[in-house]
Each structure stands twice: as structure tokens, then as C-alpha cells.
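Computed from a predicted structure; not experimentally measured. All values below were derived from every heavy atom in this structure, side-chain atoms included, with hydrogens, water molecules and symmetry-related copies excluded. Chain letters run A, B, ... following the sequence lines, proteins first, then strands; residues in each count from 1.
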Protein chains: 2
Amino acid sequence: MKWDALEEEPCSLARTVAVIGDRWSLLVLRECFLRTRRFDDFQASLGITRHLLADRLKKLVRFGVLRKIPYQEAPKRYEYILTQKGLDLYPIIMSIVHWGNVHMADSRGRPMLHEHKNCQKLFDPVMVCSECGEPLAAKAVHVHPGPGARPSSPVHAKAQEQAKGGRAGRR
Amino acid sequence: MKWDALEEEPCSLARTVAVIGDRWSLLVLRECFLRTRRFDDFQASLGITRHLLADRLKKLVRFGVLRKIPYQEAPKRYEYILTQKGLDLYPIIMSIVHWGNVHMADSRGRPMLHEHKNCQKLFDPVMVCSECGEPLAAKAVHVHPGPGARPSSPVHAKAQEQAKGGRAGRR
DNA sequence: CATTGACAGTTCTATAAAAGAACTTATGGT
DNA sequence: ACCATAAGTTCTTTTATAGAACTGTCAATG
């Protein structure tokens, strides 16, 4: 499967993975949220090759997650800053960090702590239901096809056509 | 940077990316949350090559996100099911799906809708502060080094050593 | 009893992506 | 003139992925 094919999938997860689902994009975005804005600063703090960094920044700009803002003429230089679309990735970043805190921390404890300016306490992110405010668990959620669904498969209809038999009604 | 190096980083995001930060792992996990459990079912619904699927499942088992449960002897066959560690990835999955719903949906609308069994309403996931319950925004969060932090760099100390100058106090 | 099919992989080869290092371009300072 | 800064680009080598075919084990079928 090509990256481009992922964008076309009738699945919001696949489409988002097309944007952030590679080794580096999420790390680049973490740096963005830590106020890194310039090419060499990304490069130095991530250790990413310059080639790939250029490529990833271009991709994130193309998807409207980052914007290039000129900060000097002659020679023209840009800073990469998060758009609103990019800022909206914050829950993804935070939930990833939180999972790592809980399940991947070593004996020394968490690498970082987060303080909520509103209440001035150290906190963890919690995912709740927009309607009733209760914390969400996988088992309490029921999935329905929406208007953008594809009849047969949520992901890879071509693969299901090819799969002999097709096991209808599996979900 | 090798995948193994990512696991060792003093950063919860990098460590989590070592587990789920590739093209396929998140899609495999989506299938897990949609109750897919068997090799050929993953293969058919994702269109992933069998080679890579075997590799990704092995990796997810190694990290304790999935468990192999035998469902028949002779020939020995296993189902892949989520462990608690795997179930805890749900907020990540949901926040990714939600971002895709908001920012990557085409004109036809969302591919999927989510119903909360507790309140029986269609909902969106919202990330809130564990302490005060308010929705979280990037700008309202302050980051502190935690006990597991590395003095100089949160990510790639080697890269910063190499970066002549080192730009102390950048964050 | 030979055949077909299900299932869970493994083994190939060809192509694409990433790592690693050096090079380019434009400019400003010493 | 020489060095530094910044933001890339251009190489070569190594690694990962795509795509297809193959293997092994059993169960059901003709």
C-alpha cells in the first residue's frame, strides 16, 4: 500500500495515519509543541537526517498541519509553526505521551511532567465522552457506519474483493 | 536512528512511537479494537502483506500489547487479543480517529460514528485534565522535567553533543 | 484415498524509503 | 579573505516494504 492510498481510505484513522503515521512525523510534532520552529533546531534535537526532515516538514505543510512563516528576507528564512489543524493534534500527542508514561517508563520514572495552568496541578490527560462526560473505555463504545462509510469494508475493499470467500458479516 | 534506539529515549512519546509509530501497527490495532483476531482476517481487511503482518504481530506481542491465545490444537492456531496494555491504547486510537473526522473527512462525511453505551448518544472524545476536568489545550499546559529526564536533551543527546555550540537553555 | 480448502505463516525478488555524510547557496560578521 | 549561520540538496549505502509464490498441518469432501 502506498502512502497516497491511505489518504483515500474511508477511515479516519487511516487518513490520519497518512499524515502522522511514520517514525518521524510525531517526533517532529512533539518538537513543535515544545516551541521548536527552525530547521536546524529540529535537526539538532531529533537527530533526524536533514533529508528526511526537509521531507517531513514539506509533508506536514502540505497537509496544513504546519505553516511556513518568513522571519527574515535575504536570504529568505522560514519558521515552521503549528496551524489550528496542527494544534488540534494535541490530544493525540498527549494520549501517546500518557501511554508511554504508564507503560514504557523505566525505573527512574517519567521523563516529563505536565502542569495544567488553569488549576496549577500536575495532571494526566483523561478521555471522556463529549455527551455525558464519563471516561471512555473501548468496551463501552459501539461503532456504526457513518455517511462516509464504504459498503463492504471500512478499509481495504480491494483486498476483500480479492479474498476468496469474503466471509460476509464478520463484523 | 534505529527503532531500538527509539525505545531507549528518555521520552514517553518516542518510546510509544517505537511501539505504534509505523504505517501498519496502528491499522492492525484498529482491527483489534474492531474485534479482528486472526491472521487471515487481519490480512484480508488490511491488505497488508503477510510478511509484514507476521512481523507487526510479533512486535506487538513482544511489547505486550497483544497476546497469543491458542484456540485450537493440531494444527496449533492462535488468536491475537489485546492485553490491558493494548486496551489502554484506546484513547490514542480514538483521538486519532477524531482528528481524522474533523480534519480529513471528505464531502460525504464521517466514515464511522461512535455511540457511548452508557449514555446512548453519538459522541466525540474529549481530552480533559485529570485534576480539574477542564478540556485541555496545548497553550494551557506547562512542561517540567520529571525524574526520568536526561539532563541535556529530552530526545537525542548524541545529536546535541554533535551539534557544535549546543544552544543551552533553548527550552 | 486423493483432492481441495482453511489457516498461519515463510521465502523469494524487486522496489521504495531511510541513514549518513558531504555539498550548495546566500549572506553577515571579523 | 575567511569563517559562521541557516536551510536545504545531492550523493551512496543500508534497511524496509511490496507483491507473489511456497510450505506444513489438519479437516472435510468426492
> Do the side chain of A:Trp99 and the main chain of B:Ser12 share a donor and acceptor less than 3.5 angstrom apart?
Replying inline: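 Here the side-chain-to-backbone pair does not exist.
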
> Between the main-chain N or O of A:Phe123 and the side-chain N or O of A:Glu115, is there a donor-acceptor pair closer than 3.5 Å?
Replying inline: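 Answer holds: no.
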
> Atom OG1 in B:Thr16, atom CD in B:Glu7: separation rounded to 0.5 Å?
Replying inline: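 With rounding to 0.5 Å, OG1 (B:Thr16) is 11.0 Å from CD (B:Glu7).
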
>> By the ring pair (Phe, Tyr, Trp, His ring centres under 6.0 Å) test, which pairs, at least two apart or in different chains, include something from residues 45-96 of chain B?
In response: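 Every pair satisfying ring pair (Phe, Tyr, Trp, His ring centres under 6.0 Å) with a residue in residues 45-96 of chain B: B:Phe33-B:Tyr90.
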
>> Measuring centre to centre across the rings, with the benzene-like ring taken for any Trp, is B:His116 within less than 6.0 Å of B:His114?
In response: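 Between B:His114 and B:His116, which both carry aromatic rings, the centre distance is not below 6.0 Å.
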
Gap between atoms [atom1] and [atom2], on [X] and [N] respectively (whole Å):
X       : N      : atom1 : atom2 : value
B:Gln43 : D:dC22 : CD    : P     : 17 Å
B:Glu73 : D:dT25 : CD    : C1'   : 13 Å
A:Gln72 : C:dG28 : CD    : P     : 8 Å

>> Protein within reach of the bases, or only the backbone? For nucleotides 7-21 of chain D, mark each nucleotide 5' to 3' as B, S or -, using heavy atoms under 4.0 Å.
In response: BBBB------SBB-B

